[in-house]
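On a predicted model such as this, the values are computed, not experimentally measured, just so you know. Whatever order the structure lists ligands and atoms in, that order sets their numbers, starting from 1.
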Amino acid sequence: MSNKVILVVVDGLKYATALGHCGFLEGQVESGKARRWRMRASLPSMSAPCYESIHTGLDPADHGITANSLLRPSTVDNVFGLASAAGKTTAAVAYSWFSVLYNAAPYEPVRDQETEDTSKPIQYGRFFDDAGRTDFHLGLPSDADLCAQVDRLLGRHRPDYLLLHTLSCDSVGHVYGGSSWQYDRSATVVDSTLGKHVPAWREAGYRVLVTADHGFTDCGYHGGTNDDVRDVAFYDIGHPSPGISDGAVSQRAVAPTVLGLMGIDIPAQMKEAPLD
Ligand SMILES: [Zn+2]
């Protein structure tokens with residue numbers, strides 16, 4: 001089987017908030033169009049370590065990016081590199097850290113912000129950055145703007161794999177906390193924005209996977225091991241067996257799941273079975 005895949009990473013969206021405040025995604029499950037798992041984020045439950053875990057199928061202890069401050073180019077097999085090497089077209093609308101992980105370091109906006117280079121692991125990239133901000137990431141591109149970028153890339157390049165990454169929930173969570181109405185509302189805004197775009201992505205032949213890198217504590221942090229920071233939802237919209245999977249699965253399963261859907265050989269380093 002060979003499918004085109006869009007992976008949506010909603011940064012910092014915890015499991016309970018996805019189930020409680022993402023009515024579009026839950027409606028896809030309820031109406032038999034999607035399957036949902038409870039996924040355990042890798043440790044530490046921080047962004048850069050989990051971005052790399054999502055794309056390599058390895059825990060931070062094994063891929064080596066064990067702190068945000070250790071952000072550097074990936075040194076192991078990853079979804080972008082493997083897809084590109086297999087002749088697939090890759091794209092991302094994402095935070096600059098993904099450009100550093102898979103394309104070029106350090107991040108240079110003039111060079112990297114709009115990447116169109118078929119020799120790169122991320123061939124078509126639209127990256128945003130928060131350099132110079134003091135309010136976490138508040139004020140970054142809206143979910144609506146990011147989805148418009150996605151639609152533009154889909155229309156121009158028909159990528160086989162596209163990553164959409166939004167920091168909207170994460171930034172609100174850092175300022176107001178994971179039990180605030182502001183955080184709940186930001187989850188609903190992402191969800192309703194996806195609700196506007198996902199049907200067309202499905203019509204265009206994409207499997208749409210939606211997950212998060214990590215969750216949130218009530219007081220606005222993440223990094224530890226408790227359920228609120230570690231549990232995230234994983235939705236597969238278009239899964240042939242819709243419904244809900246009880247029991248937790250590992251974030252290490254994301255990379256082999258994406259590769260399996262795309263018909264790309266799964267390297268031996270990825271020991272977790274693809275979700276099915
Ligand atoms: Zn994050």
Are Arg35 and Asp236 ion-paired here, with the side-chain N under 4.0 Å from a carboxylate O?
-> no

Is Lys4 salt-bridged to Asp160, going by a charged N under 4.0 Å from an acidic O?
-> yes

Short check: any N/O/S atom of Ser47 below 2.8 Å from the Zn ion (ligand 1)?
-> yes

Taking both backbone and side chain into account, is any N, O or S atom of Asp213 nearer than 2.8 Å to the Zn ion (ligand 1)?
-> yes

Say whether, by atom type as modelled, one donor and one acceptor occur between the side chain of Glu52 and the main chain of Pro60 under 3.5 angstrom.
-> no

In plain terms, say whether Arg40 and Asp227 are close enough for a salt bridge, that is, a side-chain N and a carboxylate O under 4.0 Å apart.
-> yes

N/O/S atom name from Asp11 that is nearest to the position of the Zn ion (ligand 1) | OD1

Of all the atoms in His214, is at least one N, O or S atom closer to the Zn ion (ligand 1) than 2.8 Å?
-> yes

